[in-house]
K.L.:
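Once you've had a glance at the structure underneath, I'll fire off some questions.
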Amino acid sequence: MSLVLDSAAQDLLFREARTVGSFSDEPVTEEQVQAIYDLVKYGPTAFNQTPLRITLVRSAEARERLVQHMAEGNKAKTAAAPLVAILSADNEFHEELPHLLPYFPQAKDVFFTERPVREQSALLNAALQAAYFIVGVRAAGLAAGPMTGADLAGLQKEFLDDDHTPLMVVNIGKPGEAAWYPRSPRLDIDQVITTV
């Protein structure tokens with residue numbers, strides 16, 4: 001193979017990794033969350049803007065509020081997951097740019113003064129970071145169940161504010177019994193890659 005990453009790591013992160021529908025009771029620790037973030041924070045974004053924000057839903061009261069906003073098919077697994085994260089895009093990410101982009105601190109005022117521009121950039125780059133987060137969860141030996149089947153406007157009102165756009169909810173933990181559906185097909189390389 002032409003990949004530097006060993007086969008076991010490739011399996012852990014991609015080939016054998018799957019979206020999980022049920023989890024064991026084993027908790028997800030703060031140390032695991034810290035390790036995941038410490039890894040995935042290095043994923044690239046435009047202008048190093050890092051707009052992803054992660055809201056961990058740990059308390060029973062918050063979990064009940066969250067479950068009310070999930071689509072019917074996602075309620076039970078969200079209620080039972082050891083940890084749930086709401087991933088959102090911070091539309092005011094530009095306030096951090098002078099710190100995050102020290103060689104070009106004026107980027108905040110040159111490119112991101114208009115809210116619609118910030119929202120579009122935050123959405124794209126937070127989605128990139130969400131993908132890194134899911135791979136990071138897998139790198140920690142955990143499984144992720146990312147879902148967009150939710151009342152996102154309701155989640156925003158319940159847990160966030162007008163400056164944060166919810167992207168998805170991710171259930172996190174060790175897989176439980178019958179955790180996976182059969183793997184769905186993927187497109188072949190010639191259906192995806194065009195050389196010009």
Side-chain angles (χ1 to χ4, degrees), residues 1-58 70-71 73-74 76-90 93 100 121-150 166-196:
M1 294 223 47
S2 299
L3 299 177
V4 174
L5 200 62
D6 70 56
S7 186
Q10 293 172 40
D11 287 344
L12 178 70
L13 299 178
F14 294 100
R15 286 195 295 254
E16 299 298 325
R18 311 267 276 293
T19 297
V20 171
S22 70
F23 295 90
S24 74
D25 293 333
E26 186 177 331
V28 176
T29 67
E30 290 297 332
E31 292 78 15
Q32 288 171 306
V33 172
Q34 181 72 52
I36 291 164
Y37 181 71
D38 285 345
L39 177 65
V40 304
K41 69 184 179 184
Y42 294 109
T45 57
F47 293 97
N48 196 34
Q49 62 187 253
T50 62
L52 181 70
R53 299 297 178 263
I54 303 166
T55 303
L56 299 178
V57 182
R58 287 201 180 271
M70 300 305 296
N74 293 332
K77 56 189 170 187
T78 301
L83 179 63
V84 182
I86 301 169
L87 305 188
S88 63
D90 181 357
F93 69 86
L100 294 172
S121 190
L123 188 63
L124 172 63
N125 287 280
L128 279 173
Q129 290 187 281
Y132 304 145
F133 179 77
I134 292 165
V135 173
V137 167
R138 293 172 174 181
L142 301 169
M147 301 167 291
T148 56
L167 302 172
M168 67 184 70
V169 174
V170 183
N171 293 333
I172 304 167
K174 292 280 188 181
E177 291 185 30
W180 296 281
Y181 296 109
R183 184 177 289 287
S184 297
R186 298 298 193 265
L187 296 175
D188 292 328
I189 190 170
D190 61 347
Q191 295 175 280
V192 176
I193 297 179
T194 303
T195 302
V196 296

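As the structure is a prediction and not an experimental result, all values here were calculated from the model.
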K.L.:
Hey, could you give me the CD/OG distance between Glu177 and Ser22, rounded to the nearest 0.5 Å?
P.N.:
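These two atoms lie 7.5 Å from each other.
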
K.L.:
What's the shortest heavy-atom distance between Ala126 and Ala89, and which atoms?
P.N.:
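Smallest heavy-atom distance, with atoms named: CB-CB, 3.6 Å.
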
K.L.:
Can you tell me how far the CZ atom of Phe14 sits from the CZ atom of Arg138, to the nearest 0.5 Å?
P.N.:
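Taking CZ in Phe14 and CZ in Arg138, the distance rounds to 7.0 Å.
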
K.L.:
Which heavy atom of Phe23 sits nearest a heavy atom of Ala143, and at what distance?
P.N.:
CE2-O, 3.6 Å

K.L.:
Check the pair Ile54, Val33 against side-chain contact (heavy atoms from CB on, under 4.5 Å), reporting the backbone distance first and the verdict last.
P.N.:
CA-CA 11 Å; Ile54 303 166; Val33 172; over 6 Å; no

K.L.:
What closest approach, in Å, do Asn74 and Gly149 show between heavy atoms, and which atom pair accounts for it?
P.N.:
ND2-O, 3.1 Å

K.L.:
Look at the side chain of Asp11 and the backbone N and O of Glu16, then say whether any donor-acceptor pair between them is shorter than 3.5 Å.
P.N.:
no

K.L.:
If you look only at pairs with a residue in residues 31-58, which of them pass as a salt bridge (Lys or Arg N to Asp or Glu O under 4.0 Å), with sequence neighbours excluded?
P.N.:
Glu30-Arg58, Asp38-Lys41, Arg53-Asp90

K.L.:
Measure the shortest side-chain to side-chain distance between Ile172 and Val84 over non-hydrogen atoms and say whether it is less than 4.5 angstrom.
P.N.:
no

K.L.:
How long is the straight-line distance from CG of Leu100 back to CZ of Phe93, given to the nearest 0.5 Å?
P.N.:
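These two atoms lie 10.5 Å from each other.
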
K.L.:
Output yes when a side-chain donor or acceptor of Lys174 lies under 3.5 Å from a complementary backbone atom of Gly141, and no otherwise.
P.N.:
yes

K.L.:
Identify each donor-acceptor pair in which a side-chain atom of residues 129-137 lies under 3.5 Å from a protein atom, sequence neighbours left out, and give them as a table.
P.N.:
| unit_1 | atom_1 | unit_2 | atom_2 | d |
| --- | --- | --- | --- | --- |
| Gln129 | OE1 | Leu52 | N | 2.8 |
| Tyr132 | OH | Pro44 | O | 2.8 |

K.L.:
Between atom CG of Leu83 and atom CG of Leu56, what is the distance when rounded to the nearest 0.5 Å?
P.N.:
5.0 Å

K.L.:
Got a second to check how far Asn48's CG is from Tyr42's OH, nearest 0.5 Å?
P.N.:
11.0 Å

K.L.:
Start with the C-alpha distance between Leu167 and Leu123, add both sets of side-chain angles, then the distance that settles side-chain contact (heavy atoms from CB on, under 4.5 Å), and finish with yes or no.
P.N.:
CA-CA 8 Å; Leu167 302 172; Leu123 188 63; 3.3 Å; yes

K.L.:
Between Ser121 and Gln49, do the side chains contain an N or O donor and an N or O acceptor separated by less than 3.5 Å?
P.N.:
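Short answer, yes.
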
K.L.:
Using only atom types and a distance under 3.5 Å, with no angle test, would you say the side chain of Thr45 pairs donor to acceptor with the backbone of Asn125?
P.N.:
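Absent.
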
K.L.:
How far apart are the closest heavy atoms of Val170 and Ala144, and which atoms are they?
P.N.:
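For Val170 versus Ala144, the nearest heavy atoms are CG1-CB, 3.8 Å.
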
K.L.:
Indicate every side-chain donor-acceptor pair of residues 181-190 with a distance under 3.5 Å to a residue at least two apart or in another chain.
P.N.:
| unit_1 | atom_1 | unit_2 | atom_2 | d |
| --- | --- | --- | --- | --- |
| Arg183 | NH2 | Arg15 | O | 2.5 |
| Arg183 | NH2 | Ala17 | O | 3.0 |
| Arg186 | NH1 | Ser184 | O | 3.0 |

K.L.:
Taking the side chain as everything from C-beta on, heavy atoms only, tell me whether Met147 gets closer than 4.5 Å to Met168.
P.N.:
no

K.L.:
Looking at Pro175 and Ala179, what are the two nearest heavy atoms and their distance?
P.N.:
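Answer, listing the atom of Pro175 first, then Ala179: CB-CB, 3.9 Å.
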
K.L.:
A quick test of your reading: do over 12 heavy atoms of other residues, nucleotides or ligands sit less than 6.0 Å from CG of Asp25?
P.N.:
no

K.L.:
Do Leu142 and Val28 come close enough that some side-chain heavy atom pair is under 4.5 Å?
P.N.:
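Sidechains of Val28 and Leu142: in contact.
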
K.L.:
Does some side-chain heavy atom of Val20 sit less than 4.5 Å from a side-chain heavy atom of Asn171?
P.N.:
no

